[in-house]
Amino acid sequence: MRILISGSSGLIGTALVGHLRNGGHTVVRLVRRPASGEGELTWDPAAGTLAPSALDGVDAVINLSGAGIGDHRWTDDYKRELLDSRLQTTELLARSIAAADTKPAVFLSGSAIGWYGPRGDEKLDESTPNPGDTYLASICVQWEAATAAAEEAGVRTAHLR
């Protein structure tokens with residue numbers, strides 16, 4: 001499979017890229033700096049730019065982008081960065097997938113267990129109907145909604161909690 005990954009330099013992304021490559025898959029890493037070799041493609045989510053050819057021959061898109069939840073104190077500015085870094089990347093990928101002539105079979109987009117919020121001993125799973133009421137839960141709700149363009153284009157979309 002040919003797999004396009006955003007957030008490939010983070011904790012999960014780094015491990016996933018190695019695992020997929022060891023499994024014989026072709027991985028294309030989306031990077032915000034100039035691409036430094038084969039297997040990398042530059043994009044600019046803040047400017048809303050991703051080359052239309054980025055999805056050529058891609059079987060799956062995995063979106064793991066977002067500022068680190070534990071990297072900084074949650075000031076008002078950093079809370080905005082946490083949200084924007086997720087929405088800008090996800091919306092750009094979803095729009096690009098929807099516009100692609102040949103769409104990938106699947107779009108796997110990051111989210112977080114924070115969607116559920118603190119619930120004590122309540123049993124929670126993907127069928128739990130309501131998100132939590134914390135700031136992190138509100139980020140997750142918006143982050144998952146940002147995949148709408150891909151879903152509406154008929155691409156199977158999963159939110160990774």
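These numbers were taken from a predicted model, which means no experiment stands behind them. Sequence positions, counted from 1, serve as the residue numbers for this chain.
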Query raised in the report: What closest approach, in Å, do Val155 and Ile97 show between heavy atoms, and which atom pair accounts for it?
Result: CG2-CG2, 3.6 Å
Requested in this report: Would you list the pairs meeting side chain to side chain donor-acceptor pair (under 3.5 Å) in which at least one residue belongs to residues 88-100, sequence neighbours left out?
Outcome: Asn63-Thr90, Thr90-Trp143
Query raised in the report: Just wondering, do Arg86 and Cys140 contact through their side chains at under 4.5 Å, heavy atoms?
Result: no
Report task. Provide the closest heavy-atom pair for Leu83 versus Tyr135 in the form atom of the first, atom of the second, distance. Result -> CB-OH, 3.9 Å
Query raised in the report: About how many Å separate CG of Asp84 and CD1 of Ile139, when rounded to the nearest 0.5 Å?
Result: 9.5 Å
Report summary line: What one should report as the nearest heavy-atom pair of Ser85 and Ala67 is OG-N, 2.8 Å
Query raised in the report: Quick one: are Arg161 and Glu144 in side-chain contact, heavy atoms under 4.5 Å?
Result: yes
Query raised in the report: Is the shortest heavy-atom distance from the side chain of Ile62 to the side chain of Leu16 under 4.5 Å?
Result: yes
Query - Under the side-chain hydrogen bond (donor to acceptor under 3.5 Å, both in side chains) test, residues paired with Thr147 that sit two or more places apart - result: Glu151, His159
Report task. Please test Thr75 against Asp77 for side-chain hydrogen bond (donor to acceptor under 3.5 Å, both in side chains), starting from the C-alpha separation and ending with a verdict. Result -> CA-CA 5 Å; Thr75 62; Asp77 287 343; 5.3 Å; no
Query raised in the report: What is the distance from atom OG1 of Thr102 to atom CG of Leu55, rounded to the nearest 0.5 Å?
Result: 10.0 Å
Query raised in the report: What closest approach, in Å, do Ser8 and Arg29 show between heavy atoms, and which atom pair accounts for it?
Result: OG-NE, 2.8 Å
Query raised in the report: Are the side chain of Thr14 and the backbone N or O of Ser9 linked by a donor-acceptor pair below 3.5 Å?
Result: yes
**Report entry** Heavy-atom closest pair, residues Arg119 and Pro131
**Finding:** NH2-C, 3.3 Å
Report task. Please check if Met1 and Leu108 belong to a single hydrophobic cluster, counting links between Ile, Leu, Val, Met, Phe, Trp and Tyr side chain heavy atoms closer than 4.5 Å. Result -> yes
Report summary line: For Thr42 and Arg33 the tightest heavy-atom approach is OG1-O, 2.9 Å
Query raised in the report: Step by step, would you call Asp59 with His25 a side chain to side chain contact (heavy atoms under 4.5 Å, CB included)?
Result: CA-CA 10 Å; Asp59 300 296; His25 300 285; over 6 Å; no
Query raised in the report: With a 4.5 Å limit on heavy-atom distance, are the side chains of Arg156 and Phe107 in contact?
Result: no
Query raised in the report: Is Tyr116 reachable from Val141 through a run of I, L, V, M, F, W or Y residues, each pair having side-chain heavy atoms under 4.5 Å apart?
Result: yes
Report task. Kindly indicate whether the side chain of Pro104, heavy atoms from C-beta on, has any atom under 4.5 Å from the side chain of Leu4. Result -> no
Query raised in the report: Looking at side-chain heavy atoms only, is the closest gap between Leu30 and Leu50 below 4.5 Å?
Result: yes
